[in-house]
Engineer: 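Below is the structure I would like to discuss, written out as structure tokens.
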Amino acid sequence: MKTGNMILVSNRLPTTVEMGPRGPVLKPSSGGLVTALRPVFKARKGYWIGWPGEGPGEEVEKLVAGSSDSACQLIPVMLTPGDLRGFYTGFSNEIVWPLFHDLQARCNFDPTYWKAYVSVNRKFADVTARVADHDSVVWVHDYHLMLLGEFLRGQGIRSRMGFFLHIPFPPVDIFEKLPWRTQILRALFRFDVIGFQTTRDQRNFLSCVRRFLPDVSLQRHDGETRATSGGQVTLIRSFPIGIDFDEFNTHAQQPEIAARVAEIRDDMRGRQIIIGVDRLDYTKGLPERLRAFQHLFTTYKHLRRQVSLVQIVVPSRENIPKYRELKLETEMLISQINGQFGDPGWMPIHYIHRSVQRPELIALYGAADIALVTPIKDGMNLVSKEFCASQVDERGVLILSEFAGSAEQLNHGAVLVNPYDFGAVADALNLAFCMDSDERTQRMRKLRRRVRNANVFRWCDDFCSYLENAYGRSARAA
Ligand code: GDG
């Protein structure tokens with residue numbers, strides 16, 4: 001079969017337009033999806049379709065079209081402020097994001113959001129249909145674009161089409177709260193392949209299909225499920241996303257980074273460094289982590305002055321009130337802990353509220369003795385993998401939430417915790433603090449092997465060859 005252009009579609013492009021003093025300028029986008037996909041598409045020919053950020057329409061289109069981020073051509077989907085309110089802030093981030101992370105009480109099921117979601121998915125379909133042909137491979141990413149398959153098929157696009165969900169898929173008793181549950185499930189079955197981060201998400205999705213689409217026939221075989229619905233065959237499987245291991249590993253060994261690692265360790269001399277790196281998001285479990293940290297100094301008094309947490313918090317979705325409240329709560333807890341336990345020679349928490357440059361991030365990962373990665377729910381969590389890839393001297397301990405997707409792969413080397421159990425997180429910190437160097441090395445070696453093998457390039461190849469294969473199989477079945 002002839003393989004045509006790869007067309008990647010995601011809510012955001014890898015570069016975002018921002019207004020500078022002399023007009024719009026392009027900046028790299030942040031967040032897990034773009035970080036993961038950027039290296040894969042740097043070298044690949046094809047198109048990347050997405051929203052480029054806010055700015056004056058024509059200028060933005062010209063700027064994006066002329067940018068040379070990669071071999072891949074960037075195609076902007078222009079959205080109005082109204083689209084962004086209803087589709088992005090509203091449906092995507094006030095309904096799907098909290099619901100799919102099991103936080104139904106945070107949802108705002110405003111019916112106008114659904115209209116905006118439908119209309120923006122149509123806009124994405126219109127732009128995609130302009131470049132897709134029979135031989136294209138269309139790969140749609142994430143929860144913002146769950147209706148795209150249906151609209152593209154409606155426009156007569158018959159090419160291979162896959163969908164990958166970067167966030168968790170919730171259990172049936174949570175998913176059923178979604179007023180548009182049937183429409184969304186139905187639309188997903190217009191893709192040839194639906195991919196999830198973990199087997200847990202795949203299982204949850206299949207339970208929802210059984211409950212709400214009884215006409216879809218499901219056949220399980222060897223980790224994958226073949227779904228037949230109205231003559232179309234869709235294959236469903238988990239594809240845990242990875243990182244570019246070599247990039248972190250190689251950078252971490254460069255002399256400038258090694259020097260920066262030594263400098264950080266010298267600044268924090270006499271104490272173990274605990275690192276936390278998160279977008280400011282309630283799913284990342286920041287208040288819970290801080291409460292566990294507070295608990296640590298009351299139950300393990302000998303650890304006072306012996307450890308410091310360096311917590312990077314990257315600003316995110318600041319126009320949503322719940323995110324602004326979270327920032328206040330986080331900063332209040334940090335100042336409480338520093339006020340309660342700190343003294344002139346020791347600060348329990350070093351708080352960095354901005355995005356740091358990649359080399360500094362790698363140096364911080366490399367300098368840390370312990371990484372504290374405790375989301376209350378996470379599709380995968382790339383930070384847990386980046387920490388391992390940057391630990392070239394293999395002495396760091398990874399404390400990881402059981403509810404991060406990465407726990408399915410990293411359970412043999414990490415210390416797993418329930419992030420809601422403050423006592424257990426404090427115990428894990430004490431265990432990591434006291435762990436001897438042999439055990440640290442043994443655990444970190446296992447982790448690094450796993451992260452190196454299941455890297456992002458393999459993930460991409462796996463998904464794409466599976467999609468190719470699935471298409472062949474469904475074409476034969478049709
Ligand atoms: C979604 C899913 C899934 C963070 N701070 C800085 C910085 N980062 C980078 C990290 C990492 C990325 O941001 C965050 O990725 P995560 O996976 O932790 O989280 P989400 O943004 O929520 O991503 C998630 C992911 O998609 C991929 O499928 O794993 O579950 O929610 O790469 O390094 N980068 C720099 N400076 C910072 O200060 N340069």
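Atoms within a ligand are numbered from 1 in the order they appear, just like the ligands themselves. Quick note: residue numbers are just sequence positions, from 1. Below, each value reflects all heavy atoms present in this structure, side chains not excepted, and no hydrogens, waters or symmetry copies. In this text the structure is predicted, and so the values were computed from the model without any measurement.
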Engineer: For E331 and Y351, test the side chains for any donor-to-acceptor distance below 3.5 angstrom and give the result as yes or no.
Structural biologist: yes

Engineer: Under 4.0 Å, heavy-atom basis, I'd like to know which part of L382 is in contact with ligand 1: side chain, backbone, both or neither.
Structural biologist: both

Engineer: Report the part of I312 in contact with ligand 1, treating N, CA, C, O as backbone and CB onward as side chain, heavy atoms under 4.0 Å; options are side chain, backbone, both, neither.
Structural biologist: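 Side chain only.
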
Engineer: Would you say K284 touches ligand 1, if touching means a heavy atom closer than 4.0 Å?
Structural biologist: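 The answer is yes: ligand 1 sits under 4.0 Å from a heavy atom of K284.
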
Engineer: Within the 4.0 Å heavy-atom shell around E386, which atoms of ligand 1 are there?
Structural biologist: 10 (C), 11 (C), 32 (O), 33 (O)

Engineer: May I ask you to check whether D201 and T198 show a side-chain donor-acceptor distance below 3.5 Å?
Structural biologist: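 There is such a pair (donor and acceptor under 3.5 Å, judged by atom type) between the side chains of D201 and T198.
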
Engineer: Check each atom of ligand 1 against the heavy atoms of Q197 and keep those under 4.0 Å away; list them by number with element.
Structural biologist: 3 (C), 28 (O)

Engineer: Using a strict 4.0 Å cut-off to heavy atoms of I241, name the atoms of ligand 1 that fall inside it.
Structural biologist: 28 (O)

Engineer: Consider only side-chain N and O atoms of D421 and N418, and report whether a donor and an acceptor are under 3.5 Å apart.
Structural biologist: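 No donor-acceptor contact under 3.5 Å links the two side chains.
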
Engineer: Answer yes or no: does an N/O atom from V277 fall short of 3.5 Å to an N/O atom of ligand 1?
Structural biologist: no

Engineer: For F91 and W114, take the angle between the two ring planes, folded into 0 to 90°, and tell me which bin it lands in: parallel under 30, tilted 30 to 60, perpendicular over 60.
Structural biologist: tilted

Engineer: Any nitrogen or oxygen of H101, side chain or backbone, less than 3.5 Å from one on ligand 1?
Structural biologist: no

Engineer: Look only at interatomic distance and state if R279 has a nitrogen or oxygen under 3.5 Å from any nitrogen or oxygen of ligand 1.
Structural biologist: yes

Engineer: May I ask which of I362, D244, V314, I352 has a heavy atom nearer to atom 5 (N) of ligand 1 than the others do?
Structural biologist: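 Closest candidate by heavy-atom distance is V314.
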
Engineer: Short N/O distance, under 3.5 Å, between W97 and ligand 1?
Structural biologist: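 Between W97 and ligand 1, no N or O pair is found under 3.5 Å apart.
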
Engineer: Among side-chain atoms of T199 and E408, is any donor-acceptor pair under 3.5 angstrom?
Structural biologist: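 The criterion, which ignores hydrogens and geometry beyond distance, is satisfied for E408 and T199.
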
Engineer: Identify which of I167, V456, L361, D142 has a heavy atom lying nearest to atom 34 (N) of ligand 1.
Structural biologist: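 The nearest heavy atom belongs to L361.
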
Engineer: Who gets closest to atom 38 (O) of ligand 1 by heavy atom: V356, V373, I243?
Structural biologist: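 Closest candidate by heavy-atom distance is V356.
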
Engineer: Picking from K446, R443, R449, R445, what satisfies salt bridge (Lys or Arg N to Asp or Glu O under 4.0 Å) with E394?
Structural biologist: R445

Engineer: Heavy atoms only: which of L165, D278, D378 is nearest to atom 30 (O) of ligand 1?
Structural biologist: D378

Engineer: Between Y117 and F87, what is the ring plane arrangement, given parallel below 30°, perpendicular above 60°, and tilted in between?
Structural biologist: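 Judged by the thresholds at 30° and 60°, the geometry between Y117 and F87 is parallel.
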
Engineer: Going by atom types alone, do Q311 and D278 pair a side-chain donor with an acceptor below 3.5 Å?
Structural biologist: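 Side-chain D/A pair, Q311 to D278: present.
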
Engineer: Please could you name the atoms of ligand 1 that V383 approaches to less than 4.0 Å, counting only its heavy atoms?
Structural biologist: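 It comes down to these atoms of ligand 1: 18 (O).
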
Engineer: Do E386 and Y365 have side-chain atoms, one donor and one acceptor, less than 3.5 Å apart?
Structural biologist: yes

Engineer: Short list, please: which atoms of ligand 1 are under 4.0 Å from a heavy atom of G379?
Structural biologist: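 Close to G379: 30 (O).
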
Engineer: When the side chains of residues 93-101 are checked against the rest of the protein, which donor-acceptor pairs come out under 3.5 Å, sequence neighbours left out?
Structural biologist:
residue	atom	partner	partner atom	Å
N93	OD1	Y143	OH	2.8
N93	OD1	R317	NH1	3.4
N93	ND2	Y88	O	3.4
E94	OE1	N108	ND2	3.1
E94	OE1	Y113	OH	2.9
W97	NE1	D281	OD1	3.2
W97	NE1	D281	OD2	3.4
H101	ND1	W97	O	2.8

